[in-house]
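All of these numbers come straight from a predicted model, not from anything done at the bench. Numbering of ligands and ligand atoms starts at 1, following listing order.
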Amino acid sequence: MNRIEEMRESHARSRAFFASGMTRSPAWRIEQLAKLGRAIEAREETLIEALRKDLGKPMAEAYLSEIGWVLNDIRHAIRHVKRWSRPRRCPSPPAIWPARSLLVPEPAGVVLILAPWNYPFQLLLSPCVAAMAAGNAVWLKPSELTPSVSHAMAALLRDTFSSDYLAVWEGERETAEALLSLRFDHIFFTGSTAVGRRVMAAAAQFPTPTTLELGGKSPCIVLADADLRVAARRIAWGKFMNAGQTCVAPDYVLVERSARDELVAELRKAVRSFYGAEPLRCPHYGQLVNAAHAERLRALTDGQKVAFGGLADPETCRLEPTVLLDPAWDSPVMQEEIFGPVLPVLGFDDINAVLHEVNRRPTPLALYLFTRRREMQERILRETVSGGMAINDTIVQIFGHALPFGGVGESGMGVYHGKAGFDTFTRYRPVVTRGFRPDFAFRYPPVRLPARLLKLISRRFMG
Ligand code: NAD
């Protein structure tokens, strides 16, 4: 049997499993989520080692942003899944009284999740937890660029669940394309905007509802009144964790010119205090995913003025935290998503010109602003668009379960995290139930009510 035949056969089994109705029970879903949690806890060390091998992730980062993150998602889903799955009573318009109107949450069906390599565990399993909580059969495709994590996750899921319920397909782009030739009930893709477009085109053939969690250049605006030391520490933290390979990392900084030099000095101090004088040797500093990515980043710094950093170690695939000064808006580093530890810092004189530049570019996944001034916080919130925003910090808008996470425009569509993730993988089915009496004759044609009465009924009883 070739791969695509194997996929078709497995797909039919997942469909049959879903149709059996097993996943409809919230109690069964809770059991599966708990099973997943236990399996992750039992293999914590293997997973941490795989994350270290593929991305040089320090233990703290591996736990807080990957393993612990997913365990929190599981706990949250277990706590709430019964309530989320309950049909919700809604008011019925008087014209149909007596009636019972319900909104019934139903699982989408068999869903596909495609994940990138930068947070290879979190970005595959966090949407998976949401899909399981919502009662779906789930197909998963991890990134091929982090093979140790991909194998460890595939082994964990295969040892814990039947592939009729949770199927993992490891492989390269061809595997993803073959998967997309099958019909799913929802596709959840995290990755680049270019591939996201292809995924959506493939989804259009059925058509399949699609969530796209994409990337882009997230700006960070710093006004001169900000606490520049704290701003620099929070920017450096958000930018250089996972060696800059974070979709919501601040991509570049726009700082009021009078504060530029002080901010750069504080960034240098922050980097030194986080990673020491030789970040390339620091065990708390991550590595780049592969040599091609390292070369792409090095090329982005070509011809630019380097404030600090810039050294690379091809052996360990590392690049120092690197700050560039005032690159031109049309240079490659200001055109493509950086997705690495290179931070352009541009001084500006006029906030209007900055907002104009930001707004004429593709809508970012995140926007960061550092200022104490309330009116500027409100103005910049009002005059820009982005997937999410943090004021006086970076990345924190995606923490926790209360706020939905997702992009807008070229940075994506659809959201997840907490209840928003459950909703993404749920179809809310409106159901109205009535009895046979009363059965008023005036609704049936030919309707002979005078126009004034018709309008009155429409206004009072139909809305
Ligand atoms: P990518 O788009 O290259 O790959 C993502 C996934 O798509 C992988 O599993 C890959 O195998 C698969 N894929 C590759 N080619 C495909 C094709 N032609 N058809 C279907 N699937 C295909 O992304 P990446 O390099 O792994 O990740 C980096 C990008 O992801 C960055 O742009 C980053 O901003 C973005 N990202 C976004 C988020 C978010 O939550 N919004 C999170 C992390 C990363």
Engineer: Among all protein non-hydrogen atoms, which one is nearest to atom 41 (N) of ligand 1, and what is the separation to 0.1 Å?
Structural biologist: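 Of every protein heavy atom, Leu214 O, 2.7 Å lies nearest to atom 41 (N) of ligand 1.
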Engineer: Decide whether the shortest distance between a heavy atom of Phe405 and an atom of ligand 1 is less than 4.0 Å.
Structural biologist: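 Yes; Phe405 lies near enough to ligand 1 that a heavy-atom distance drops under 4.0 Å.
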Engineer: Do NZ/NE/NH1/NH2 and the carboxylate oxygens of Glu336 and Arg296 come within less than 4.0 Å?
Structural biologist: yes
Engineer: Starting from atom 27 (O) of ligand 1, locate the nearest protein heavy atom and write down its residue, its atom name and how far away it is, to 0.1 Å.
Structural biologist: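 That would be Pro116 CB, 3.3 Å.
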Engineer: Heavy-atom contact under 4.0 Å between Leu114 and ligand 1?
Structural biologist: no
Engineer: With no hydrogens and no angle check, just 3.5 Å: does a side-chain donor-acceptor pair link Thr316 and Gln287?
Structural biologist: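 Per modelled atom types, Thr316 and Gln287 side chains form no pair under 3.5 Å.
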Engineer: I'd like to check which ligand 1 atoms, numbered from 1 as shown, lie under 4.0 Å from a non-hydrogen atom of Leu180.
Structural biologist: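 It comes down to these atoms of ligand 1: 20 (C).
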Engineer: Using heavy-atom distances, let me know which of Leu140, Thr190, Val195, Val289 sits nearest atom 5 (C) of ligand 1.
Structural biologist: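 Minimum heavy-atom distance to atom 5 (C) of ligand 1 goes to Thr190.
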Engineer: Using a heavy-atom cut-off of under 4.0 Å, does the side chain or the backbone of Ala115 touch ligand 1, or both, or neither?
Structural biologist: backbone
Engineer: Taking the minimum heavy-atom distance to atom 36 (N) of ligand 1, which of Gly171, Pro142, Cys247 ranks first?
Structural biologist: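 Comparing heavy atoms across Gly171, Pro142, Cys247, the nearest one to atom 36 (N) of ligand 1 lies in Cys247.
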Engineer: Do any N/O atoms on Ser411 end up under 3.5 angstrom from N/O atoms on ligand 1?
Structural biologist: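 No: no nitrogen or oxygen of Ser411 is under 3.5 Å from one in ligand 1.
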Engineer: Quick check: does Gly191 get an N/O under 3.5 Å from an N/O on ligand 1?
Structural biologist: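 Yes: some nitrogen or oxygen of Gly191 is under 3.5 Å from one in ligand 1.
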Engineer: Any donor-acceptor pair under 3.5 Å linking the side chain of Ser10 with the backbone of Met7?
Structural biologist: no
Engineer: If you compare all heavy atoms of Ala249 against all heavy atoms of Ser218, which two are closest, and at what distance to 0.1 Å?
Structural biologist: O-CB, 3.7 Å
Engineer: Can you tell me the protein heavy atom closest to atom 26 (O) of ligand 1 and the distance?
Structural biologist: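 It is Trp117 CD1, 2.9 Å.
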Engineer: Who's the nearest protein heavy-atom neighbour of atom 12 (C) of ligand 1, and how far?
Structural biologist: Ala176 CB, 4.2 Å
Engineer: Measure Leu365 to ligand 1 on non-hydrogen atoms and call it side chain, backbone, both or neither using the 4.0 Å cut-off.
Structural biologist: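 For Leu365, only side-chain atoms sit under 4.0 Å from ligand 1.
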Engineer: Quick check: does Glu172 get an N/O under 3.5 Å from an N/O on ligand 1?
Structural biologist: no
Engineer: Under 3.5 Å, side chain of Glu410 to main-chain N/O of Thr193, donor-acceptor pair present?
Structural biologist: no
Engineer: Looking only at heavy atoms, which two atoms of Tyr275 and Pro321 are closest? And how far apart?
Structural biologist: CD1-CG, 4.1 Å
Engineer: Mind checking whether Thr193 has an N or O less than 3.5 Å away from an N or O of ligand 1?
Structural biologist: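 Checking ligand 1 against Thr193, no N or O pair falls under 3.5 Å apart.
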Engineer: How far apart are the closest heavy atoms of Pro327 and Met334, and which atoms are they?
Structural biologist: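 Here Pro327 and Met334 meet closest at CG-CG, 4.0 Å.
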Engineer: On a heavy-atom basis, I'd like to know which of Ser192, Ser143, Pro127, Gly406 is closest to atom 23 (O) of ligand 1.
Structural biologist: Ser192
Engineer: Can Gly407 be said to touch ligand 1, with heavy atoms closer than 4.0 Å?
Structural biologist: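 Heavy atoms of Gly407 never come under 4.0 Å of ligand 1.
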Engineer: Does any N/O atom on Glu337 come nearer than 3.5 Å to any N/O atom on ligand 1?
Structural biologist: yes
Engineer: Is the number of heavy atoms from other residues, nucleotides or ligands under 6.0 Å of Arg429 CZ greater than 12?
Structural biologist: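 Incorrect, the count does not exceed 12.
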Engineer: Strictly distance-based, threshold 3.5 Å: is any side-chain N or O of Gln122 a donor or acceptor partner for the main-chain N or O of Ser65?
Structural biologist: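 Answer holds: yes.
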Engineer: Mark up the atoms of ligand 1 that fall under 4.0 Å of a heavy atom belonging to Arg198, in ascending order.
Structural biologist: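 The list of qualifying atoms is 18 (N).
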Engineer: Identify, for atom 7 (O) of ligand 1, the protein heavy atom at the shortest distance, and state residue, atom and that distance.
Structural biologist: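 Protein heavy atom with the smallest distance to atom 7 (O) of ligand 1: Phe189 CE1, 3.3 Å.
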Engineer: Could you list the atoms of ligand 1 found under 4.0 angstrom from a heavy atom of Glu144?
Structural biologist: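 Close to Glu144: 10 (C), 11 (O).
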Engineer: In terms of side-chain geometry, is the basic nitrogen of Asp251 or Arg361 positioned less than 4.0 Å from the acidic oxygen of its partner?
Structural biologist: no
Engineer: Once side-chain hydrogen bond (donor to acceptor under 3.5 Å, both in side chains) is applied, what residue pairs with a partner in residues 195-214 remain, sequence neighbours excluded?
Structural biologist: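 Residue pairs passing side-chain hydrogen bond (donor to acceptor under 3.5 Å, both in side chains), neighbours aside: His186-Thr211.
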Engineer: Which bit of Phe339 is near ligand 1, meaning a heavy atom under 4.0 Å away: side chain, backbone, both or neither?
Structural biologist: side chain
Engineer: Kindly confirm or rule out an N or O of Tyr416 lying under 3.5 angstrom from an N or O of ligand 1.
Structural biologist: no
Engineer: Show the atoms of ligand 1 that are less than 4.0 angstrom away from any heavy atom in Leu123.
Structural biologist: 42 (C), 43 (C)
Engineer: Considering heavy atoms of the protein only, find what lies nearest to atom 18 (N) of ligand 1 and give residue, atom and distance to 0.1 Å.
Structural biologist: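 Answer for atom 18 (N) of ligand 1: Glu177 OE2, 3.3 Å.
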Engineer: Before giving the answer on ring-ring contact (aromatic ring centres under 6.0 Å, His included), spell out for Trp117 and Phe339 the whole-Å C-alpha distance, their side-chain angles and the decisive distance to 0.1 Å.
Structural biologist: CA-CA 12 Å; Trp117 51 263; Phe339 218 54; 5.4 Å; yes
Engineer: Around atom 15 (N) of ligand 1, find the nearest protein heavy atom and jot down its residue, atom name and distance.
Structural biologist: Arg173 CG, 3.4 Å
Engineer: Checking contacts here: is it the side chain or the backbone of Val248 that comes within 4.0 Å of ligand 1, counting heavy atoms only? Could be both or neither.
Structural biologist: neither
Engineer: Answer side chain, backbone, both or neither: which part of Glu213 comes under 4.0 Å from ligand 1, heavy atoms only.
Structural biologist: both
Engineer: Show every side-chain hydrogen bond (donor to acceptor under 3.5 Å, both in side chains) that has at least one partner inside residues 385-400, sequence neighbours left out.
Structural biologist: Tyr368-Gln397
Engineer: Honestly, is Lys57 close enough over Tyr119, meaning NZ or CZ under 6.0 Å from the six-membered ring centre and within 45° of the axis?
Structural biologist: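 That pair qualifies as a cation-pi contact.
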Engineer: Could you tell me which atoms of ligand 1, counted from 1 in the order shown, lie closer than 4.0 angstrom to a heavy atom of Asn118?
Structural biologist: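 Counting from 1, the qualifying ligand atoms are 43 (C), 44 (C).
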Engineer: Is it true that the side chains of His417 and Asp73 contain a donor and an acceptor less than 3.5 Å apart?
Structural biologist: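 Not at all, the side chains of His417 and Asp73 share no donor-acceptor pair under 3.5 Å.
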Engineer: Can you tell me which portion of Thr175 lies within the under-4.0 Å heavy-atom range of ligand 1? Options are side chain, backbone, both, or neither.
Structural biologist: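 Looking at Thr175 and ligand 1, no heavy atom falls under 4.0 Å.
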Engineer: For Val138, which of Val168, Val111, Leu112, Leu157 qualifies under side chain to side chain contact (heavy atoms under 4.5 Å, CB included)?
Structural biologist: Val111
